[in-house]
Structure formats: structure tokens, C-alpha cells
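This one's a predicted model, so the numbers in the text were calculated from it and none came from an experiment. Note that ligands are numbered from 1 as they come in the structure, with each ligand's atoms numbered from 1 the same way. Hydrogens, waters and symmetry mates are skipped; everything else that's a heavy atom, side chains included, is used.
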Amino acid sequence: MRFVSLCSFFISCFLLVASLGLFAQDSRPNIVYIMSDDHGYQAVSAYGYGLNKTPNIDRLAKEGALFTRASVTNSLCAPSRAVLLTGKHSFVNGKVDNMQAFDWSQDNFAKLLQSAGYQTAMVGKIHMDGLPQGFDYSAVLPGQGHYYNPDFIIDGERKRIQGYVTDITTDLALAWLDERDSDKPFVLLYHQKAPHREWLPALRHLEKYTSMSFEEPPTLFDDFEGRGTAAKSAEMNLLDHMNWAGDSKIRPELMDELGIEEYMEWDKGAYNNNLGRMTKEQRAAWDAVYDPINEDFKKRYPDMSREDLMHWRYQRYMQDYIGSVASVDEGVGELLDYLEKNGLAENTIVVYTSDQGFYLGENGWFDKRFMYEESLRTPLLIRYPKEIDPGTKIDALVQNLDFAPTLLDYAGVEIPSDIQGKSFRDLASGKTSEWRDAIYYTYYEYPSIHMVKRHYGIRTDRYKLIHFYYDIDEWELYDLEKDPQELKNVYDDPAYADVKREMHKKLENIREKYGDSDENNERYLNLYLEATKKN
Ligand code: SGN
Ligand code: CA
């Protein structure tokens with residue numbers, strides 16, 4: 001009896017203290033949003049392309065969900081980031097291309113989480129000017145950033161940090177996690193620069209990846225028959241439009257010796273600038289691997305046909321690209337280990353994605369920008385043990401437009417009504433399979449590097465309709481079921497007359513739904529022409 005009353009006394013004390021909030025634990029989930037730059041889904045092994053191994057990123061799919069058809073609304077770096085932050089299409093948030101300034105004063109999901117009591121941090125690449133708003137802590141790269149000994153802007157102050165950018169970004173992220181207030185939930189945006197051009201892997205990866213050889217995509221020598229003017233006139237060819245020094249790491253002096261001309265006037269400059277940042281020791285380790293490659297190329301070059309050169313450049317490209325992905329994957333591993341060691345794995349949502357897709361030699365291309373699949377789609381993996389079953393696969397047409405509302409939803413914060421994306425929380429947990437039946441896409445940065453013409457379009461489960469405008473007026477229609485590589489434009493094929501009509505109607509509706517129009521295109525074109533004139 002006495003024991004029981006003693007117990008009930010302690011229980012009442014406990015309840016009293018708890019109700020006063022002294023024990024109150026904030027159980028809202030933490031969020032780690034990982035985004036790399038230009039990481040094509042073909043180079044995430046969970047997608048099954050067999051190009052490389054990304055065991056750490058793959059863990060998210062094994063222990064959570066893999067989205068097979070996630071995409072972006074505008075396949076370019078800074079616009080994609082603006083869509084992530086705002087949950088609104090480019091023509092609404094204003095950041096339509098890499099040139100226009102981003103208006104940080106508008107709402108973003110980090111600001112909303114911050115006012116709801118979350119600790120917020122952004123580390124790595126953001127590719128926008130101005131101090132990131134909505135973040136208690138920010139350590140970002142100015143512009144594109146550098147691979148070796150990069151500058152960082154930490155809470156507004158610029159300083160150079162010695163080392164390799166991917167590793168530094170991870171270290172800064174982990175240091176912030178260590179210093180945070182562990183009583184409050186957090187959101188960490190951990191944004192890698194890699195594997196963005198010009199693809200400089202970490203020293204520890206040079207040997208391994210430069211000696212690898214990769215299977216070529218079947219369309220490496222695409223002649224673009226069956227496609228429109230836009231694909232034919234794009235400047236993304238591995239042989240014709242890639243820098244020899246900057247990208248393929250041929251020494252500028254060797255270019256001169258062999259009589260190879262610069263395609264871009266900054267070809268040699270890019271090489272000198274990237275390698276010029278290295279310390280003596282870093283440079284020596286780099287040269288020890290790339291000098292023999294140069295020597296070998298010097299011997300072979302005089303006898304190489306255009307075709308031989310294309311094979312060579314594809315391998316060179318992939319070695320450095322895949323080599324740069326390796327450290328991104330290691331960073332993800334470090335982060336996941338940290339969460340585990342600190343008891344955070346269960347209550348933390350971990351997202352892995354890229355700011356868009358990327359061409360890894362398909363159609364003979366590198367870069368992105370197009371509404372075609374390799375560029376439109378982006379890897380998306382998400383782990384949240386409390387709600388998402390291990391090994392979940394989702395084919396729904398989610399977009400980067402949906403991140404802001406999804407993350408707000410997980411955090412229990414009200415989603416503002418002007419957000420255009422949709423939370424995919426219930427889709428990920430399997431509570432529902434209902435989803436949108438079409439996605440909308442816009443692209444603006446033209447005329448510019450890579451010369452991908454302005455376009456917009458709609459993609460449904462099976463079809464894609466694209467309109468290229470400004471200096472052409474061409475429509476393309478693809479049947480993704482019959483032609484997943486989008487090699488044959490069936491817009492003028494009478495067999496598709498009904499599909500064409502239907503897709504036009506859908507396009508009109510979706511443009512109206514999101515508030516897009518030809519007037520928007522005109523307005524953004526004029527802003528672009530003005531901005532490019534000034535530069
Ligand atoms: C640089 C690259 C381009 C790339 C853009 C945009 N050239 O200009 O190849 O398309 O960035 O990329 S480089 O020779 O300077 O590397 S984005 O991801 O930032 O949008
Ligand atoms: Ca990018």
C-alpha cells in the first residue's frame with residue numbers, strides 16, 4: 001500500500017513537471033536535404049544502369065523509397081534551387097535562368113520552418129547572390145565554386161578553405177550538426193558542388209577512376225535524324241563542344257603542340273584556374289596521374305579519326321565525372337553514419353537528389369537544359385523509417401516543385417496556399433497512390449552557352465509535347481512507351497493526330513493552372529536580352 005502511494009506520488013510529480021513543459025521534447029522530425037549538382041540518375045547505382053557504385057546513396061533506397069520518374073521544372077542550376085526553396089515554378093518565383101537575380105525576400109520553406117522553431121542551415125552550393133534568407137547558418141560557395149581550396153561565404157564572410165570541396169562541404173555540415181541545439185529539430189540543406197563541370201575528382205580517387213573504362217551509350221554517335229532543329233543545333237557534343245584542357249585535362253601546352261584549338265576562349269583559362277588553385281603537393285599528386293594520360297594522348301593523337309577521338313573523349317569525360325561522384329557518395333555515407341551514431345536516424349528524413357539530370361554521352365551529349373528525359377529527370381531517394389517502408393519504389397510524376405510542401409508537411413507546418421507543388425508524403429508512405437497525371441516544364445536560357453533553345457512542354461505518363469520558340473516555332477511529340485529514348489518526333493505523324501490534339505489541350509490547361517502564358521515568355525525574354533546586353 002505504502003509502495004503504491006509512493007509510486008503514485010512520483011507519477012503525479014512526473015506528470016506535473018511534464019505538463020509544465022520541463023521535460024517537453026520536440027519530437028518533430030529532422031530533415032537532411034542532400035542535393036548534388038548535375039548528378040544524373042544514370043550514375044546512381046540504385047537506378048540500375050551499371051555505370052558505377054554509389055553504396056551510400058543506395059542505402060536510402062534500400063531503407064526507404066526510390067522515385068523512378070522524379071523531375072525538375074527547369075533543368076538549370078539556380079532556377080532549380082529557386083523552385084526547391086519556393087515550391088513555385090520559375091515564372092512565378094522569377095528566377096528563370098542563371099542570370100536573373102533571385103529575390104530572397106520572398107517566402108521560402110526554410111523561413112517557414114525557422115519561424116516554426118526549426119534550426120536551419122545551408123551548406124555548399126546555392127549559386128545565387130545575396131545572403132541566403134531563412135537560415136540560422138549558411139556556408140555557401142560563391143557562384144559555381146571551386147573544387148580545390150575553394151572559397152566559402154560563411155554567414156556572409158568570405159574565406160578560403162584548404163582541401164577538396166566535397167569533403168569540406170561534408171565537414172562543415174557535420175560541424176554544424178555537432179554545434180546545434182539538440183533540443184530543437186533541424187533542417188540541413190547539404191548541397192554538393194560535385195559532379196558539376198569541370199569534374200575534378202578528389203586526389204584519393206584519381207588513380208582508380210582514370211583507369212576505368214565505361215560502356216558507351218548506344219546513341220553516342222546520334223545523327224539526330226527524326227528530331228527537330230533544337231536538338232540539332234544544341235552545342236553539347238562531347239567531341240565538338242567540350243573543352244580540351246578545362247574538361248578533358250589536356251595540358252594547354254600539349255594542345256598548342258598538337259595544334260588543337262580552343263573551342264571556348266576560356267578552355268585553357270579554366271584548366272589554369274582550376275589547377276592553379278592547388279598547393280604544390282596537390283598539384284604533384286594530380287600531375288602524377290594526368291601526365292601519363294597526356295603522354296599517351298600525345299602519341300596516339302596523330303593517328304586518331306574523329307570516331308576514335310569521340311571514344312577517347314567519352315572515356316575521359318566519364319572517368320572524371322564518375323570519379324567526382326565517388327566523393328559525393330562518401331560524404332552521404334559520413335552523414336548517414338553521423339545520424340546513426342547520434343541516435344538521429346529514426347527521426348530524420350533524409351532526401352538525396354540533384355538540381356537536375358545530366359547527359360552522360362546519350363545523343364553524344366553532356367550538360368542538360370532540355371525537357372528530354374536524361375535532363376528532365378533527376379535522382380530522388382528518401383528515407384524516413386517512421387513512415388516509409390524499406391525498398392519502396394514510386395513511379396509517380398513528382399517534381400522538385402514538391403519539395404517545399406512535402407518538407408513542410410513532414411514538419412507539421414501549414415503549407416501556404418500559393419505554393420504550387422504538392423506534398424508527396426502520403427505517396428511515399430503508401431497511404432495513397434493518387435497523384436497528378438502531368439507535369440509542366442519551362443526553359444529560358446537562350447541564346448547562351450550550349451545553345452538550347454527556349455521551350456516549354458508537358459509530360460504525361462506516356463507522352464511528351466514540347467514547343468520550341470523564340471527564333472524557331474517547332475513542336476515535338478514523343479511516345480515514351482514506344483520510344484523511351486525520344487529519337488522520333490511523331491508530331492506530324494497522322495497516327496498520332498488524336499494524341500496530339502489531346503496533348504495540346506492538356507498543355508493549355510496546365511499552363512492555365514500554373515499561371516503561365518506567352519506573355520510571361522515575352523517578359524522573361526526581354527529581361528534576358530537586356531541583362532545579356534549589359535554583360
Ligand atoms: C557553366 C558550364 C556549363 C553549364 C553552366 C550551368 N560551363 O557555364 O557547361 O551548363 O555552368 O550549369 S563551364 O565551362 O563554365 O563549366 S549550372 O549547373 O550551374 O546551371
Ligand atoms: Ca546543375
S.K.: One residue to check: Phe366. Relative to ligand 1, which of side chain, backbone, both or neither has a non-hydrogen atom less than 4.0 Å away?
M.R.: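 Contact part for Phe366 vs ligand 1: neither.
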S.K.: Using the benzene-type ring in the case of Trp, are the ring centres of Tyr441 and Tyr456 under 6.0 Å apart?
M.R.: no
S.K.: Counting heavy atoms only, name the option from Phe358, Trp199, Trp266 that's nearest to atom 14 (O) of ligand 1.
M.R.: Trp266
S.K.: Between Arg197, Met236, Lys193, flag the one that comes closest to atom 2 (C) of ligand 1 by a heavy atom.
M.R.: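 Comparing heavy atoms across Arg197, Met236, Lys193, the nearest one to atom 2 (C) of ligand 1 lies in Arg197.
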S.K.: Any idea which heavy atoms bring Tyr190 and Ala173 closest together, and the distance?
M.R.: CD1-CB, 3.8 Å
S.K.: Where is the tightest heavy-atom contact between Arg283 and Leu275, given as atom of each residue plus distance?
M.R.: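 Heavy atoms only, the tightest pair is NH1-CB, 3.7 Å.
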S.K.: I'd like to know whether the aromatic ring centres of Phe91 and Tyr444 sit less than 6.0 Å apart in this structure.
M.R.: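 For Phe91 and Tyr444, the ring centres are not under 6.0 Å apart.
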S.K.: Listing residue and atom name, which protein N/O/S atoms are closer to the Ca ion (ligand 2) than 3.0 Å?
M.R.: Asp37 OD1, Asp38 OD1, Asp355 OD1, Asp355 OD2, Gln356 OE1
S.K.: Which of the numbered atoms in ligand 1 are under 4.0 angstrom from any heavy atom belonging to His127?
M.R.: 19 (O)
S.K.: Kindly confirm or rule out an N or O of Leu76 lying under 3.5 angstrom from an N or O of ligand 1.
M.R.: no
S.K.: At under 4.0 Å between heavy atoms, which part of Asp247 makes contact with ligand 1: side chain, backbone, both or neither?
M.R.: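 Asp247 to ligand 1: no contact under 4.0 Å from either part.
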S.K.: Using distance alone, decide if ligand 1 has a nitrogen or oxygen within less than 3.5 Å of any nitrogen or oxygen in Asn243.
M.R.: no
S.K.: Just which atoms of ligand 1 are under 4.0 Å from any heavy atom in Arg369?
M.R.: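 That gives atoms 4 (C), 5 (C), 6 (C), 10 (O) of ligand 1.
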S.K.: For Gln144, which part has a heavy atom under 4.0 Å from ligand 1: side chain, backbone, both, or neither?
M.R.: side chain
S.K.: Tell me: protein heavy atom nearest atom 18 (O) of ligand 1, and distance?
M.R.: Lys368 NZ, 2.9 Å
S.K.: Just which atoms of ligand 1 are under 4.0 Å from any heavy atom in Gln356?
M.R.: 18 (O)
S.K.: Should you measure from each heavy atom of Lys125, which atoms of ligand 1 turn up under 4.0 Å away?
M.R.: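 Counting from 1, the qualifying ligand atoms are 19 (O).
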S.K.: Using the benzene-type ring in the case of Trp, are the ring centres of Phe366 and His450 under 6.0 Å apart?
M.R.: yes
S.K.: Where do Leu189 and Ile34 land on the side-chain contact (heavy atoms from CB on, under 4.5 Å) test, with the steps shown first?
M.R.: CA-CA 6 Å; Leu189 273 60; Ile34 311 172; over 6 Å; no
S.K.: Within ligand 1, which atoms have a heavy atom of Glu198 less than 4.0 Å away?
M.R.: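 Those atoms are 13 (S), 14 (O), 16 (O).
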S.K.: Tell me whether the centres of the aromatic rings in Tyr147 and Trp286 are closer together than 6.0 Å.
M.R.: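 Centroid separation for Tyr147 and Trp286: 6.0 Å or greater.
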S.K.: Which of these, Asp38, Asp37, Asp247, sits in a salt bridge (charged side-chain N to carboxylate O under 4.0 Å, His left out) with Arg197?
M.R.: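 Running salt bridge (charged side-chain N to carboxylate O under 4.0 Å, His left out) over Asp38, Asp37, Asp247 with Arg197 returns exactly one hit, Asp247.
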S.K.: Check ligand 1 against Asp367 and write out every atom of the ligand that is under 4.0 Å from a heavy-atom position of the residue.
M.R.: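 In order of number, 3 (C), 4 (C), 9 (O), 10 (O).
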S.K.: Tell me which protein heavy atom sits closest to atom 8 (O) of ligand 1, plus the residue, atom name and distance to 0.1 Å.
M.R.: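 Its nearest protein heavy-atom neighbour is Ile449 CD1, 4.0 Å.
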S.K.: Which ligand 1 atoms are under 4.0 Å away from a heavy-atom of Asp37?
M.R.: 18 (O)
S.K.: Which residue and non-hydrogen atom of the protein lie closest to atom 9 (O) of ligand 1, and at what distance in Å?
M.R.: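 Ranking protein heavy atoms by distance from atom 9 (O) of ligand 1, first comes His450 NE2, 2.6 Å.
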S.K.: For Lys249 and Asn294, indicate whether the former's side chain and the latter's backbone hold a donor-acceptor pair under 3.5 Å.
M.R.: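 No, the answer is negative, given that no donor and acceptor are paired below the 3.5 Å cut-off.
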S.K.: I'd like to know whether the aromatic ring centres of His241 and Tyr263 sit less than 6.0 Å apart in this structure.
M.R.: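 Yes, they do, as the ring centres are separated by less than 6.0 Å.
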S.K.: Does the plane of the ring in Trp365 sit parallel, tilted or perpendicular to the ring in Tyr372? Use 30° and 60° as the thresholds.
M.R.: parallel
S.K.: Between Phe358 and Tyr41, does the ring centre distance come in under 6.0 Å?
M.R.: no
S.K.: Would you verify whether the NZ or CZ of Arg313 falls within 45 degrees of the ring axis of Trp244 while also being under 6.0 Å from that six-membered ring's centre?
M.R.: yes
S.K.: Between Tyr446 and Asp471, is there a side-chain donor-acceptor contact under 3.5 Å, judged purely by atom types and distance?
M.R.: yes
